[in-house]
Amino acid sequence: MHLMNPNSTLPAKNVMFNIAFDNGNRAKAVHIPAESDPGQVLRILGFNRPQPSIFVSGGASAMSEDDKRMVRRIMAEVASFAEERKAVILDGGTESGVMQMLGDVRKESNYKFPLLGISPLGKVSYPGYKNPAEEAFLEDSHSHFVLVEGNNWGDESRMIVQLTHTISGKGQHPAVGILINGGRIAMHEVYLASTKELRLSMIVLEGSGRAADEISTAFRTGKTNQGILKAILAGGDIQLVATVEGPQAMRSKLASRFERR
């Protein structure tokens with residue numbers, strides 16, 4: 001059960017504060033305007049040196065239980081890789097899908113890698129802040145949160161990819177995105193990652209459904225009628241990993257991306 005203070009108020013902007021979860025985790029957090037400078041955001045949270053970064057986009061919607069189990073194993077491998085490589089993982093930060101999986105794995109394995117969740121403030125609640133428009137609760141094993149001003153899912157998307165790029169030192173260290181399943185917002189995040197400004201490497205989990213499979217089909221065939229898919233194929237650095245290939249295939253693809261930068 002999530003205990004809430006009924007008299008909670010919004011946190012001040014651009015000032016770090018702590019979120020104390022029921023499980024004993026204390027996460028660092030900051031509330032920011034949507035167009036904030038990502039470098040300043042990272043400094044507020046205490047990220048003072050470049051590190052490798054991995055952002056995870058998408059979810060587990062409409063997956064079979066078998067597929068969810070495989071994706072959880074793959075997420076465990078991604079978490080293990082981040083721990084070994086001293087990488088930061090970034091995601092949407094809420095109690096659902098792959099974000100919940102990453103939080104659970106980090107806690108169960110007592111990993112120390114930073115797990116940074118980026119969410120629109122208008123959609124979430126957390127201990128100390130009860131949002132009357134709540135649609136999700138922040139996941140309780142993340143180490144950091146960036147709460148972006150906005151009332152819509154997707155208002156955080158640009159900040160996610162910008163933070164991934166900036167944490168890496170804008171290319172000093174590897175920066176990689178992983179798409180699993182996902183819908184319209186996840187597709188947009190892949191598009192943002194593929195722009196000339198950022199051009200982050202993307203690993204797409206083929207067979208995980210929805211946006212991931214739309215991209216993988218377009219990538220394999222070179223054919224699509226969707227403008228956003230055409231833009232992703234034209235500008236993106238896309239690699240596929242099939243869900244059935246399992247955790248080691250994802251680790252191998254991540255390692256090759258880290259080594260070739």
Side-chain angles (χ1 to χ4, degrees), residues 53-85 87-111 113-119 136-143 153 156-157 160-161 164 175-190 193 200-220 232 236 238-258:
S53 58
I54 302 168
F55 92 88
V56 179
S57 183
S61 179
M63 282 187 188
S64 69
E65 290 305 312
D66 285 346
D67 284 344
K68 286 180 182 178
R69 281 190 286 271
M70 177 59 80
V71 168
R72 193 183 190 286
R73 290 176 56 206
I74 291 170
M75 287 298 93
E77 200 64 42
V78 171
S80 172
F81 183 88
E83 185 77 0
E84 292 170 14
R85 300 296 183 104
V88 179
I89 295 182
L90 304 91
D91 65 15
T94 59
E95 285 185 334
S96 63
V98 294
M99 300 168 284
Q100 182 74 61
M101 293 176 190
L102 283 167
D104 288 346
V105 168
R106 183 177 184 272
K107 180 182 178 183
E108 290 163 8
S109 300
N110 197 30
Y111 288 150
F113 69 84
L115 180 54
L116 172 55
I118 301 96
S119 301
F137 201 84
L138 295 184
E139 199 282 324
D140 62 8
S141 294
H142 280 58
S143 60
W153 298 112
E156 76 284 9
S157 292
I160 289 177
V161 294
T164 303
V176 179
I178 298 172
L179 174 65
I180 299 170
N181 188 270
R184 175 184 58 83
I185 293 170
M187 181 83 77
H188 183 61
E189 289 172 0
V190 177
L200 301 176
S201 295
M202 289 297 310
I203 300 171
V204 176
L205 191 62
E206 186 177 20
S208 61
R210 304 172 70 215
D213 285 1
E214 289 184 60
I215 293 173
S216 61
T217 297
F219 181 81
R220 286 193 180 280
I232 289 169
I238 306 293
Q239 289 282 306
L240 306 181
V241 172
T243 306
V244 294
E245 293 181 282
Q248 285 305 313
M250 178 61 76
R251 172 178 279 272
S252 296
K253 196 68 71 175
L254 280 170
S256 69
R257 278 297 187 255
F258 269 50

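- The line from CD of Glu156 to CG of Leu90 is 12.0 Å long, rounded to the nearest 0.5 Å.
- Taking 4.5 Å as the limit, some side-chain heavy atom of Leu240 sits within range of a side-chain heavy atom of Phe219.
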Test side-chain contact (heavy atoms from CB on, under 4.5 Å) on Leu138 and Ser119; report intermediate values, then the result. CA-CA 8 Å; Leu138 295 184; Ser119 301; 3.8 Å; yes
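- With rounding to the nearest 0.5 angstrom, the OG atom of Ser53 is 13.5 Å from the CZ atom of Arg85.
- Closest of all the heavy-atom pairs between Val241 and Ala249 is CG1-CB, 3.9 Å.
- Within the 4.5 Å cutoff, the side chain of Ser143 has heavy atoms near those of the Arg106 side chain.
- A distance of 11.0 Å separates CE in Met99 from CD1 in Ile118, rounded to the nearest 0.5 Å.
- In summary, of the residues considered (Val176, Val105, Ile180, Ile89), a side-chain contact (heavy atoms from CB on, under 4.5 Å) with Val78 occurs for Ile89 alone.
- A heavy-atom distance below 4.5 Å is found between the side chains of Phe55 and Leu200.
- Heavy atoms only, all atoms of each residue included: Ser208 and Met63 are closest at O-CE, 3.6 Å.
- Of all non-hydrogen atoms in Ala60 and Gly97, the two that sit nearest each other are CB-CA, 4.1 Å.
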Please test Leu254 against Glu77 for side-chain contact (heavy atoms from CB on, under 4.5 Å), starting from the C-alpha separation and ending with a verdict. CA-CA 10 Å; Leu254 280 170; Glu77 200 64 42; over 6 Å; no
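- When every heavy atom of Pro114 is checked against every heavy atom of Ala87, the shortest pair comes out as CD-O, 3.8 Å.
- Using a 4.0 Å cut-off between a side-chain N of Lys or Arg and a carboxylate O of Asp or Glu, Glu108 and Arg72 qualify as a salt bridge.
- A distance of 10.5 Å separates NE2 in His142 from CD in Glu95, rounded to the nearest 0.5 Å.
- Contact record, Ala211 with Gly183: CB-O, 3.7 Å, taken as the closest heavy-atom pair.
- Side-chain N/O atoms of Glu189 and Ser157 include a donor and acceptor closer than 3.5 Å.
- One distance of note links OG1 of Thr243 with NZ of Lys68; it measures 14.0 Å at 0.5 Å rounding.
- At a threshold of 4.5 Å between non-hydrogen side-chain atoms, the residues Leu205 and Met250 count as touching.
- Side-chain contact between Arg251 and Ser80: present, with at least one pair of heavy atoms (C-beta onward) separated by less than 4.5 Å.
- A donor-acceptor pair is defined here as one N or O able to donate and one able to accept, closer than 3.5 Å; no such pair exists between the side chain of Thr217 and the backbone of Glu214.
- Under the 3.5 Å distance criterion, the side-chain polar atoms of Asp213 are left unmatched by any main-chain donor or acceptor of Glu206.
- Two residues are said to be in side-chain contact when any heavy atoms from C-beta on lie closer than 4.5 Å; Leu115 and Asp91 meet this criterion.
- Atom CD1 of Ile54 is separated from atom CD1 of Ile203 by 8.0 Å, given to the nearest 0.5 angstrom.
- Of all the heavy atoms in Ala136 and Trp153, the pair that sits closest is CB-CH2, 3.8 Å.
- Considering only heavy atoms from C-beta on, Ser96 stays 4.5 Å or farther from Glu139 through its side chain.
- Taking 4.5 Å as the limit, every side-chain heavy atom of Tyr111 sits out of range of all side-chain heavy atoms of Glu84.
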